[in-house]
Every structure is written in C-alpha cells, then in structure tokens.
Number of protein chains: 2
Amino acid sequence: MQIHSEILENKGIRPSVQRVRIFKFLMKSKEHPTVEMIFNALLPEMPSLSRTTVYNTVELFKEVGLVQVLDFGRGVLRYDADLSPHSHFECERCGAVYDLDIKPQDISKKMPRGFKVHQTYFYVFGLCSHCKKNEKN
Amino acid sequence: MQIHSEILENKGIRPSVQRVRIFKFLMKSKEHPTVEMIFNALLPEMPSLSRTTVYNTVELFKEVGLVQVLDFGRGVLRYDADLSPHSHFECERCGAVYDLDIKPQDISKKMPRGFKVHQTYFYVFGLCSHCKKNEKN
DNA sequence: TTCTATATTTGTAATCATTACAAAATTAAA
DNA sequence: TTTAATTTTGTAATGATTACAAATATAGAA
C-alpha cells in the first residue's frame, strides 16, 4: 500500500501539500466530486486554498492518468480516482452518482477499419432506489 | 413517409417555420450538430433567425422526444435526430463524431434493486481512420 | 545556510455556452 | 377584426472553466 505522495512522485509530479490533500480526498470519496465539492470540502482545513489550484490539480491528475473525468451533461465535470473498468449511474431526480459494477463493453474489435479506441464511457440515467420509492412526490 | 410538419404536430407542438427548418436540418444532418452549427447553417436562408430560437427549439425537441442530446465533454452539446439504439465515437484529434453500429448494452436486468433505468449512453473516444493515418503530424 | 532558478499557488479577470427575461411579432380562436 | 395565447427575437445574466500574472514555496548550487 503506497503512501499518497509516493503515488504522485511515481507519476512524475511533485507532491505538494495541495496536491496530496486533493488526491487523498479523491481517493476516499465515493461521490465523484466536482471541483466545487473538492474545494468546499478542503477549505476548512486549508483556508488559503484556491479554486484555481483545484482546477489545475485535477487537470494535472487527468493528464498523468490518476483520475478519470466524468461528464453527466449537467455543465459540471466530476472526477473519479477509481480507474478500474466500471460504469456510472446518475439519478435524474436527486443527482446522486453511483458506481455500476458493469464493465463498459470492449469494442476495439468491432470498430470500423483504421479507427483506434482510446477510451470508452458508459453512462446510465434513471431513478435511484430512494427516489424511485418516493416517486409520487 | 411523414412530412416534417406532421411529425411535429404528432408530438403536440406547433410546426412553425423555424421549428420545421431546424427539424429538417437535424433529420438530414449526419454530423450531430451543435446549436452553433445549426444556427450558422440556417442563417443564410433565414436571416432573422435567433440563436435563442435554436436553443429553445432543440430543448423542446428533446422534451417531446424528437432528438437526443449528446455530450462529449467539450463544453458544447450536440443533437441527434436518429433515435435508434446506437453509440457514438468522437475523434480526439479532429473532433468529428461518428455513429457506431453498436447498441449500448441493456442493463436494466443487472441494476441494483429498486433502480430504474431511463437512458443509456455509450461514448467511445479515440482516433478516426483519417487522423490515425496522419498520426505523425 | 544563502542565493537563484524553477515550479506551484493564488486571485482576478476573461471566455463562452447556455439560460432568463421581456418586448415584438405571429398565429389561433372568438 | 379583436383578443388572447404562442413563438420569436435580442439583450442581459449566469456559471463553470480558463487565462494570466503576481506572490509564494521549493530544490539545487554554491
């Protein structure tokens, strides 16, 4: 089990205080946070933290392959440090995002001639069990 | 083969000149246009057209189920009047969007208890054959 | 350690797609 | 026609993200 700062160093980026805190937060978060969520969560313990730093940092993490970016079409990007192949569900009522234990299909074989696949995303939208139950409201 | 204005009427919306033109354009377009692309394409033949009308109209079309909205994470939404189950490929180099003849998997059966699936999207990113060929550049 | 160059962080200002809103124009109904 | 409702239009706001430059922190050389 590697310590967080080592993981950053292995990716060739300097483990600054801000980066390590943001990375830790992403690692333990299960809610696929937005930049705003990360910023608000860390602000109490790092009062000088800047939103721009969070933006810079998640962009950097994306580039070195520490996080994947999720876009549920709400005009806000979400970040996921879980890089294992899985899919995502967003509840259209409450906006919560859940992991789905389903691998996005590998379609490299089925692509038109000459096409190269880099990444696949499988997004599912609907109602989560909680919102489904209260559907009358 | 229904005429375009009839399709709009069947969906319960008034077939105004603007709506019919926008709908026709979406039906024949294969490039999954953005609002800006629709606007620019129609402006020469309808000089009074407003961007806002295009925004209003595609939103209306989405609500009545005439188009689906695609989000490739570029900060712009694209619109597709082809509602048959298929997936989408975006070239990371040139930005072109291609239809893939692949049905997004139906996972209603595999969902956690109580969850309800409304829609699924399968997005693939990579290089199209043209950009792959010129990869050196 | 101190100096210096480089990297990182910060805050503010710009960008840009989209949305809000209200006035003008069009259409439908009476 | 007259009136009411719908649609279109243009401009102004919104809000996430990016650009940018000044301030701060860090690493390495001396």
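Residue numbers start from 1 in every chain, and the chains themselves are labelled A, B, ... in the order their sequence lines are given, proteins ahead of strands.
With sequence neighbours excluded, no residue forms a ring-ring contact (aromatic ring centres under 6.0 Å, His included) with A:Tyr79. The ring-ring contact (aromatic ring centres under 6.0 Å, His included) test applied to B:His130 returns no partner, not counting sequence neighbours. By the side-chain hydrogen bond (donor to acceptor under 3.5 Å, both in side chains) test, B:Ser50 pairs with no residue at all, sequence neighbours left out. Taking the side-chain hydrogen bond (donor to acceptor under 3.5 Å, both in side chains) definition, one finds that B:Asn56 meets it with nothing, sequence neighbours left out. The side-chain hydrogen bond (donor to acceptor under 3.5 Å, both in side chains) search around B:Lys24 returns none, not counting sequence neighbours. Under the rule for a salt bridge (Lys or Arg N to Asp or Glu O under 4.0 Å), the partners of B:Arg74 that lie at least two apart in sequence or sit in another chain are B:Glu90. Legend: residues meeting ring-ring contact (aromatic ring centres under 6.0 Å, His included) with A:Phe39, ordered by chain and number and at least two apart, are absent. Partners of B:Lys110 under the salt bridge (Lys or Arg N to Asp or Glu O under 4.0 Å) rule, at least two apart in sequence or in another chain, do not exist in this structure. Listed by chain and number, the residues in a side-chain hydrogen bond (donor to acceptor under 3.5 Å, both in side chains) with A:Glu92 are B:His118 (sequence neighbours excluded).
Here the range on DNA chain C touched by chain A, meaning any atom under 4.0 Å from one of its heavy atoms, is C:dA7 to C:dT12.
A heavy atom lying under 4.0 Å from DNA chain C marks the following residues of residues 45-67 of chain A, by number: A:Ser48, A:Leu49, A:Ser50, A:Thr52, A:Thr53, A:Asn56. For DNA chain D, the residues of residues 17-31 of chain B within the heavy-atom distance limit of 4.0 Å (strictly under) are B:Gln18, B:Arg19, sorted by number.
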